[in-house]
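Below is one structure; the comments refer to it alone.
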Amino acid sequence: MLIVDKKVFSFDNLLLKGNGILLNYICCLMMIPFSPPRIDQKMIDEVVEALKSGWITTGPRTKKFEKQLAAYCKVPAMVCLSSATAGLELMLRWFGVKEGDEVVLPAYTYSATANVVIHCGARPVLVDAGDDFNIHVSLLREAITSRTKVIMPVDIGGWPCNYDAIMQLVNQPEVKSLFNPGNDVQQKLGRIMVLSDAAHSLGATYNGIKTGALADATVFSFHAVKNLTTAEGGAIALNFPAPFKNEELYSCLCIYSLHGQNKDALAKMQKGNWKYDIITAGYKCNMTDLQAALGLVELQRYDDDTLIKRKQVCRFYADFFKTKKWAEVPVQSSGERESSYHLFQLLIKGITEQQRDRIITGIFNRDVSVNVHFIPLPLLSFYKNQGYRMEHYPNAYQLYSREISLPVFYDLTDEQLNRVVNAVADSVEEEIC
Ligand SMILES: *Cc1c(COP(=O)(O)O)cnc(C)c1O
């Protein structure tokens, strides 16, 4: 039994009435969550269809989702996988990144971006953030050495990095001549690879071009909290220049993601086609058709529904906080760029980290969930122990210490939006006024 606003609900009744959707709604009346997925009847039906088809591992739905995603991003090929982390690591392994190599990435990101570099035995070289939370492009040049193999820009909150500047930099004759190819693939590219961590930025645009088509390879995340979810999942958009053949690379990465086996389950289903070979000691990080079922529903409604709603939510917050002298509102669209509105990263002027933490406690006490994106890598035990120092990344720290991410999700109601902004304003004003 559950008592909300003095009304009594029985759980049996709720569960009967609507697959827990009503139950979710009632929970939201109490505490506004940060980023729950949008699970409606369409999502449930499509997963049920996949189950009934009997095909639950990588199969027709995954292949269809890959084709639709590639068309959406206008890229030659897309590989779907079990996570973005797997996609980032697969690309580093494919490029032959190993001990002795360096990979340049932002200090202000989620740990997945750096962890995969560690897995490969290479060294993450961290670069401070610019005022827009993204890697500070004018600090990139001094981070590059003859050991640099890859740059991993991250579109924080869904805001695309300055890809023109990054691609120009890696193509500069002086930077190219520093590049020291250690294998055939590196020789063929002849320069640093740009591997974009676009975990937040599906559908964002830079100069009218969608993420995916802006770097050599771009990795999306479909984790439960991301803009488009498959519960867990990810994809690599392939966009390498000639002489690379992205379709061939696609087949190679599919094999790489499935033990290095030259035939997948679908190919082996053909009559008599049982024999297989292992051509490399591959990984196991393929996407299942149950995940793809969710992705197909999510992609269909992405531009015309999901992104519109996310933009409305962010606009509402921006309009409210613009009127507060203590608030700094994130830029989410400009002439050349538009965000995918993954996060609304509010900054509070002139506060310390301790004040920010107290403000967050105040917001939670008012039954609103918020978050901080991100704790910079040098503040995390593993990276601290590796010798990274927060003092070397002052801008990342001053952003982190003043940042509060507000709830952005499809089912947010007007009433809830008002509760969010009032909870934030009351809590900030209680702390600083
Ligand atoms: C979520 C996230 C990832 C990892 O995505 P998974 O699909 O969970 O592996 C990587 N980078 C950033 C910036 C993220 O926010």
Side-chain angles (χ1 to χ4, degrees), residues 27-36 106-111 126 128-134 154 156-159 200 225 313-332 341-385 388-409 412-433:
C27 290
C28 292
L29 280 179
M30 302 185 291
M31 181 84 191
I32 298 176
F34 181 72
S35 177
Y108 199 89
T109 183
Y110 183 59
S111 57
L126 306 187
D128 203 2
D131 291 338
D132 63 356
F133 294 94
N134 284 344
V154 185
I156 302 288
W159 183 243
H200 300 176
V225 303
V313 169
C314 291
R315 285 275 157 88
F316 178 87
Y317 289 149
D319 288 342
F320 180 89
F321 290 108
K322 264 195 307 221
T323 66
K324 303 288 177 193
K325 60 182 185 314
W326 43 258
E328 258 175 71
V329 167
V331 178
Q332 297 189 298
Y341 303 93
H342 177 55
L343 300 173
F344 188 88
Q345 297 174 282
L346 182 68
L347 293 171
I348 313 298
K349 286 180 190 158
I351 56 166
T352 64
E353 186 181 348
Q354 291 71 29
Q355 285 181 300
R356 190 275 315 275
D357 292 352
R358 282 199 294 270
I359 292 167
I360 288 185
T361 304
I363 298 170
F364 271 98
N365 286 341
R366 290 169 172 87
D367 287 336
V368 173
S369 308
V370 289
N371 239 308
V372 174
H373 293 88
F374 288 97
I375 302 174
L377 298 171
L379 290 181
L380 304 170
S381 299
F382 175 80
Y383 290 95
K384 216 185 289 176
N385 294 339
Y388 297 96
R389 291 290 167 259
M390 198 64 256
E391 308 86 85
H392 299 158
Y393 313 95
N395 217 27
Y397 182 75
Q398 74 86 26
L399 288 168
Y400 156 73
S401 60
R402 300 186 301 116
E403 201 263 2
I404 304 171
S405 298
L406 308 190
V408 182
F409 58 92
L412 264 172
T413 64
D414 290 349
E415 188 265 334
Q416 288 177 318
L417 284 172
N418 282 303
R419 276 175 57 201
V420 172
V421 293
N422 290 326
V424 174
D426 290 350
S427 185
V428 171
E429 284 162 11
E430 185 177 80
E431 176 65 35
I432 65 174
C433 294

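- Under the 4.5 Å side-chain criterion, counting only non-hydrogen atoms from C-beta, Leu406 is not in contact with Val313.
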side-chain contact (heavy atoms from CB on, under 4.5 Å) evaluation trace for Tyr317 with Val329: CA-CA 8 Å; Tyr317 289 149; Val329 167; over 6 Å; no
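- A side chain to side chain contact (heavy atoms under 4.5 Å, CB included) with Phe133 holds for exactly one of Thr109, Val154, Leu347; it is Leu347.
- Between the side chain of Thr361 and the main chain of Asp357, a donor-acceptor pair closer than 3.5 Å is present.
- Using modelled atom types, no side-chain atom of Lys349 and backbone atom of Glu328 make a donor-acceptor pair closer than 3.5 Å.
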Test side-chain contact (heavy atoms from CB on, under 4.5 Å) applied to Leu380 and Ile375, step by step: CA-CA 7 Å; Leu380 304 170; Ile375 302 174; 3.7 Å; yes
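- Distance alone, capped at 3.5 Å, is enough to place a donor-acceptor pair between the Ser35 side chain and the Val225 backbone.
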side-chain contact (heavy atoms from CB on, under 4.5 Å) between Val428 and Phe321, worked out: CA-CA 12 Å; Val428 171; Phe321 290 108; over 6 Å; no
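- Although no hydrogens or angles enter the test, the distance criterion places a donor-acceptor pair under 3.5 Å between the side chain of Asp128 and the main chain of Asn395.
- In the displayed structure, Asp131 atom CG is contacted under 6.0 Å by at most 12 heavy atoms of other residues, nucleotides or ligands.
- Between Phe374 and Tyr108, the angle of the ring planes goes over 60°, which puts this pair in the perpendicular group of the 30/60° scheme.
- With hydrogens and angles ignored, the 3.5 Å screen pairs a side-chain donor or acceptor of Asn134 with a backbone N or O of Trp159.
- Two rings, from His373 and Phe34, have their centers less than 6.0 Å apart.
- With a 6.0 Å cutoff to the six-membered ring centre and a 45° limit on the axis angle, Arg315 does not count as a cation-pi contact of Tyr341.
- Exactly one residue among Arg402, Glu353, Glu391 makes a side chain to side chain donor-acceptor pair (under 3.5 Å) with Tyr397. That residue is Glu353.
- The closest donor-acceptor contact from the side chain of Arg356 to the backbone of Ile404 lies at 3.5 Å or more, if one exists at all.
- Few gaps surround CG on Asn385; more than 12 heavy atoms of other groups in view lie less than 6.0 Å from it.
- Remark: side-chain polar atoms of Arg366 are paired, donor with acceptor, to backbone N or O of Gly362 under 3.5 angstrom.
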